[in-house]
Amino acid sequence: EVAMLSGGQRQAIAIARSVHSGTRILLLDEPLAAMGAKEGEMILDLIRDLKEEGHSMIVVAHNYVHVLEISDRVNLLQHGRVTLDRPSSETSVEELTELVAREYREQRRRRG
C-alpha cells in the first residue's frame, strides 16, 4: 500500500502518475521537502532521468545546490517579479544566496 511507503517513494509515485497520464509539463513544488538524503537523491535521479527523456519541468525549490544540479535555467522570483533569469551554467549558489540575502537586508533596513 502507498501508505506504507516512505516520503520519497510516495513522491516518486506521484511523479510517475503524472508522466504516465501524459502530462506535458511537470510542476514540482519543493519535491525534496522533508526527505532524507537517500530519498532526496532518489527523487533527483528520477528528475534527471525524466529530463534526459525530454520531459519539461518547472521546479520550485529553495535548495540552490539542487536547483543548479537539475535545471537548465534559473529564475529567481522576489515579490512576484523575476529578478534573475539565466542559464544555470551562468550563475552559482553564491550568487543566488547573495541576491536573496541582499533583498532580506534591504527589507530590514526599510523597516527600521
Are any side-chain N or O atoms of [X] and backbone N or O atoms of [Y], one a donor and one an acceptor, separated by less than 3.5 Å?
X	Y	value
Glu39	Gly7	yes
Arg10	Leu5	yes
Thr23	Leu26	no
Gln9	Ser6	yes
Glu30	His62	yes

Hey, is [atom1] on [X] packed in by over 12 heavy atoms from elsewhere, all under 6.0 Å?
X	atom1	result
His79	NE2	yes
Arg110	CZ	yes
Arg105	CZ	yes

Any [X] side-chain heavy atom under 4.5 Å of [Y] side chain:
X	Y	result
Lys51	Ile70	no
Arg24	Ser56	no
Val74	Leu84	yes
Glu94	Leu96	no
Ile58	Leu28	no

**OP:** Indicate yes or no: does Arg48 engage Glu41 in a salt bridge with an N to O separation below 4.0 Å.
**Re:**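 Looking at Glu41 together with Arg48, the answer is yes, because their closest N to O distance falls below 4.0 Å.
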Original post:
Between Tyr64 and Val100, what is the shortest heavy-atom contact and its length?
Top reply: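 Distance-wise, the nearest heavy atoms are OH-CG2, 3.1 Å.
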Subject >> Minimum-distance pair of heavy atoms, taken over all atoms of Ala61 and Val67 >> reply: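 Heavy-atom minimum between the residues: CB-CG2, 3.7 Å.
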Original post:
Where do Ser92 and Glu95 land on the side-chain hydrogen bond (donor to acceptor under 3.5 Å, both in side chains) test, with the steps shown first?
Top reply: CA-CA 5 Å; Ser92 66; Glu95 179 183 27; 5.0 Å; no
Original post:
Does Arg102 have any side-chain hydrogen bond (donor to acceptor under 3.5 Å, both in side chains) partners at least two apart in sequence or in another chain, and if so, which?
Top reply: none
Original post:
Quick one: which of Ile43, Leu50, Asp45 gives a side-chain contact (heavy atoms from CB on, under 4.5 Å) with Ile47?
Top reply: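 Exactly one candidate clears the test, Ile43.
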